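Below is one structure; the comments refer to it alone.
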Amino acid sequence: MPPLSHTSARVLEFDALRELIRGYASSPLGQSRVDRLAPSTDREWIENQQQLAGEIRSFLRVSGHFDFAGLLDIASLVEKARIQGSVLELSEIRDVITVVDRAAAWREIAANPPAAMRNEWLAVKQLSSRIADFGEFLRAFRNKILPDGTLDDRASPELARIRREIEKQRRQIQESLRGYLRHLAEGGAVQDELITIRGERFVIPVKVEQKRRAQGVVHGTSSSGQTIFVEPLETIEQNNELVRLLDEEQAEIHRILLEMTRRIGEQGAQIRAGAETLGELELQFAKARFAEEYHCVAAELSAEGRSSLALVKARHPLLERNLKMRGEQAVPTSIELDDAGRELIITGPNTGGKTVALKTVGLLGLMSQAGLPVPADRALMPVFDAVLADIGDYQSIEQNLSTFSAHVTNIDKISRAATPRSLVLLDELGSATDPEEGAALAVAIAEHFLRIGCLTVISTHHTSLKVFGANTAGVVNASVGFDEATLQPTYQLKIGVPGASAGINIAQRLGLNPLIIEGARSRLSRQAQDVASFLDRLQVELREAEAERERLKSRESEVERERTRLAAEGKKDQQIKLKEMEAKLAAVLRDFEYHAREAVNAIQERAAAQKLSKDAERRISRLRREFREQFDSAVVAHATGADRGDPDARPQVVKHVSEGDTVKLKSVGRPALVVRRMDDDHFEVEVGAMKMKIGREDIAEVLVRSADSPVKAARARGISVALGDEGGRVQSEINVIGQTVDDATREVEKFVDRAFLAGLPRVRVVHGSGMGILRKALRQYLRQHPHVESIVEPPQSEGGAGATVVELRL
């Protein structure tokens with residue numbers, strides 16, 4: 001995009017906006033990238049920037065985080081490292097490694113985004129692909145630089161060896177000096193029994209008057225002059241060795257730094273790309289945080305060749321920030337311009353928000369083309385080739401320009417630079433001169449920009465421009481609101497109607513002398529009064545129409561909510577009915593399948609025995625007819641609701657099923673024992689060794705009721721049971737008096753089994769009283785019998801202790 005003129009950049013406050021966004025960047029690297037933020041005319045770049053900010057915004061919304069703090073702009077360090085033989089300072093190397101390490105960390109995040117993110121971040125992945133794999137590079141620096149910025153002993157084996165030697169040498173020197181100190185201390189020659197260092201050499205403090213007793217080299221005097229620092233002769237060689245080792249250490253450190261610098265230089269291009277990517281990413285994080293705080297949206301770009309501009313509830317971000325600090329809210333502005341209406345003329349009272357509206361359009365246009373989300377509910381913007389503004393007072397004593405001259409000079413520049421793809425903003429057009437001439441000039445300027453075809457927003461007080469806007473195709477009038485009751489501006493922009501300047505009313509609100517106000521009103525021409533009165537009435541009617549529109553909109557929303565609710569309820573009822581219908585038809589179909597299988601089995605048996613094909617055909621036809629009747633009745637009954645709540649409306653469903661019944665299942669075609677009733681329509685059954693849960697509709701018929709005898713129940717399950725005297729009647733009493741315990745036990749066992757199989761609820765065993773041995777043995781045996789529920793002794797009239805009544809399990 002061609003660079004904005006200094007004037008436009010200043011009045012549209014893009015630099016101030018950039019400073020606001022800079023506050024969301026935490027590192028010098030990111031802040032320097034924010035400082036280079038500028039609008040562009042490249043549509044692809046703009047869309048990519050908007051997509052990047054949106055994807056990072058999604059990352060933040062799922063609690064994504066990345067630490068940019070402390071990252072420096074290392075471009076100059078990398079360039080220095082690429083110079084042959086150059087050596088970076090250890091702190092500089094640490095700054096480079098920090099950036100590379102963070103770049104590698106982000107590369108991992110980009111490859112594995114949080115699972116909670118709904119949309120794939122394509123733009124972020126493409127941007128992050130510029131970060132190389134620094135794994136091997138970082139391994140070469142791992143554990144070599146300590147947090148305090150010094151080299152670790154592990155930086156090289158030679159450095160570790162030298163530092164061990166240095167430590168050893170220091171201990172030897174200190175041991176020698178401690179022995180020497182003890183010798184001198186006996187004569188009171190030393191000032192303090194301590195060892196210190198002067199010029200990388202170990203020395204001891206000696207009193208000045210005792211210096212002759214300490215043979216050695218003097219390395220200085222204390223500030224008081226009472227103490228000298230002496231290096232004894234016996235430690236000079238040891239100190240010389242220490243100095244030599246320290247020189248070796250510095251040489252090795254220099255070699256290590258040279259090697260590290262060489263590695264950085266070799267990877268210079270990749271490191272710079274990684275650093276630039278981190279800077280770009282922090283810019284996107286700053287944009288995303290700004291967008292979240294100011295409730296921004298990504299601006300849509302109007303189609304190529306079209307100049308459509310639409311801002312819905314847009315806010316000036318700097319004004320919004322200032323108002324937030326005071327606990328207030330900005331009044332949003334909605335503006336729409338397109339090929340049919342390319343010029344907007346805003347009129348209305350002073351302090352009503354006309355200039356803010358112009359600045360909002362201009363700044364949001366620049367934000368859109370800088371790839372920034374804009375504070376609005378919706379934004380559609382063209383790609384402007386220039387944003388040209390004449391806003392504010394350009395009076396200059398130095399350049400001998402009056403306010404009017406400065407405006408004319410600036411508008412002249414704008415008129416020569418504007419193209420059909422430009423945005424032109426003109427504030428208080430035609431002011432600062434004779435009103436009549438100023439109005440004529442204002443109309444001529446508006447006509448000129450209309451002929452050029454650029455999008456133009458003009459603020460003015462001239463009635464001539466209001467008339468021009470009402471009578472000229474492609475021009476739209478707008479006004480900022482003014483409340484006549486409170487004499488306060490509403491700051492709301494109304495499209496389609498001009499506004500009254502209300503200068504006298506505002507002067508009255510600001511407290512101007514009432515006599516002056518009255519004199520001013522009396523001097524208004526009748527035409528001016530009529531126009532003012534008309535515009536006032538128009539504003540009142542507009543407010544009433546707006547209020548009515550809001551009421552209708554609210555009513556429409558209520559109707560829509562009610563319609564949606566009813567539609568949802570209807571759809572829910574339909575789904576419930578459909579499920580019920582499906583269940584009924586499924587039951588009918590299972591019933592048909594069961595009877596069909598039974599028919600096939602019967603047919604196959606007959607075919608094998610008698611070859612009766614005609615009987616088979618008749619049976620199949622009958623089953624088909626019955627199924628058709630059941631199907632039709634089920635459909636009709638469901639459609640009319642006649643079967644709702646009527647258990648007899650489904651004849652194919654077995655009505656009475658109890659625990660202990662033996663039933664035949666349609667699904668497997670086998671008998672099953674009902675073990676447990678789960679609810680009215682679901683049961684737990686046993687089929688052989690297998691347990692399963694079934695619905696009532698899966699039961700074809702009840703083969704044996706639980707009240708039937710065990711023999712009948714067993715036979716219903718397909719078990720062959722034969723009783724020895726099945727033709728006779730089973731007795732309910734047995735007499736074993738006079739038998740031995742073993743014989744009586746065998747007889748009672750057979751008797752109880754037959755009674756149980758016959759379904760008798762209780763029997764009587766007569767065993768006599770005697771000595772009680774037989775009674776005791778039989779009762780003990782019966783208590784353990786699996787078919788016996790309980791045993792009791794009957795009353796004396798029915799045998800008393802000579803008999804036992806046995807209750808059987810049913």
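All values reported here derive from a predicted model rather than from experimental measurement. Nothing fancy with the numbering, it's 1 onward along the sequence.
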- Task: For the residue pair Ser308 and Asp338, confirm or rule out a side-chain donor-acceptor distance under 3.5 Å.
- Result: no

- Message: Under a 3.5 Å cutoff, is there a donor and acceptor pairing between the side chains of Gln51 and Glu55?
- Response: yes

- Could you tell me whether Asp412 and Arg416 have a side-chain N and a carboxylate O separated by less than 4.0 Å? yes

- Task: Could you verify whether a donor N or O on one side chain and an acceptor N or O on the other, from Lys287 and Gln49, lie under 3.5 Å apart?
- Result: yes

- Query: Does the side chain of Ser307 come under 3.5 Å of the side chain of Arg342 through a donor N or O and an acceptor N or O?
  - Reply: yes

- Item | Stepwise side-chain hydrogen bond (donor to acceptor under 3.5 Å, both in side chains) test for Ser422 and Thr419 | CA-CA 5 Å; Ser422 302; Thr419 72; 3.2 Å; yes

- Item | From Asn410 atom CG to Ser415 atom OG, the distance as rounded to the nearest 0.5 Å | 10.0 Å

- Query: Is any NZ, NE, NH1 or NH2 atom of the basic residue among Arg555 and Glu558 found under 4.0 Å from an Asp or Glu carboxylate oxygen of the other?
  - Reply: yes

- Message: Looking at Glu562, I want to see if its CD is surrounded by more than 12 non-hydrogen atoms of other residues, nucleotides or ligands under 6.0 Å.
- Response: yes

- Task: Look at Glu276 together with Arg33 and state whether they make a salt bridge at an N to O cut-off of under 4.0 Å.
- Result: no

- Query: Rounded to the nearest 0.5 Å, how far apart are CZ of Phe14 and CG of Leu318?
  - Reply: 11.0 Å

- Message: Any carboxylate oxygen within less than 4.0 angstrom of a Lys/Arg side-chain nitrogen, looking at Glu300 and Arg378?
- Response: yes

- Message: Is it true that Tyr24 and Glu293 share a donor-acceptor pair across their side chains at a distance under 3.5 Å?
- Response: yes

- Query: If every non-hydrogen atom of Leu37 is compared with every non-hydrogen atom of Ala370, which pair is closest and at what distance?
  - Reply: CD1-O, 3.6 Å

- Query: Once you round to the nearest 0.5 Å, how far does CZ of Arg565 lie from CD of Glu560?
  - Reply: 13.0 Å

- Check whether more than 12 heavy atoms from other residues, nucleotides or ligands sit under 6.0 Å from atom CZ of Arg306, and answer yes or no. no

- Message: Determine whether Phe285 and Phe68 satisfy the following criterion, ring-ring contact (aromatic ring centres under 6.0 Å, His included), listing intermediate values before the conclusion.
- Response: CA-CA 10 Å; Phe285 271 82; Phe68 291 96; 5.1 Å; yes

- Test item: side-chain donor near acceptor, Gln31 and Asp35, under 3.5 Å: no

- Does a donor on one side chain and an acceptor on the other come within less than 3.5 Å for Gln369 and Thr41? no

- Message: Looking only at side-chain N and O atoms, does Thr460 offer a donor or acceptor that is under 3.5 Å from a partner on Glu428?
- Response: no

- Query: Would a 4.5 Å heavy-atom cut-off, applied to side chains only, mark Val443 and Ser464 as touching?
  - Reply: yes

- Message: Check Glu292 with Arg289, please: is the shortest side-chain N to carboxylate O separation under 4.0 Å?
- Response: no

- Identify whether the distance between the nearest side-chain nitrogen and carboxylate oxygen of Glu304 and Arg43 falls below 4.0 Å. yes

- Query: Between Glu120 and Lys125, does a salt bridge (charged side-chain N to carboxylate O under 4.0 Å, His left out) hold up when you go through it step by step?
  - Reply: CA-CA 9 Å; Glu120 188 176 1; Lys125 277 190 175 180; 3.7 Å; yes

- Query: Do the rings of Trp106 and Phe59 sit parallel, tilted or perpendicular, given the 30° and 60° boundaries?
  - Reply: perpendicular

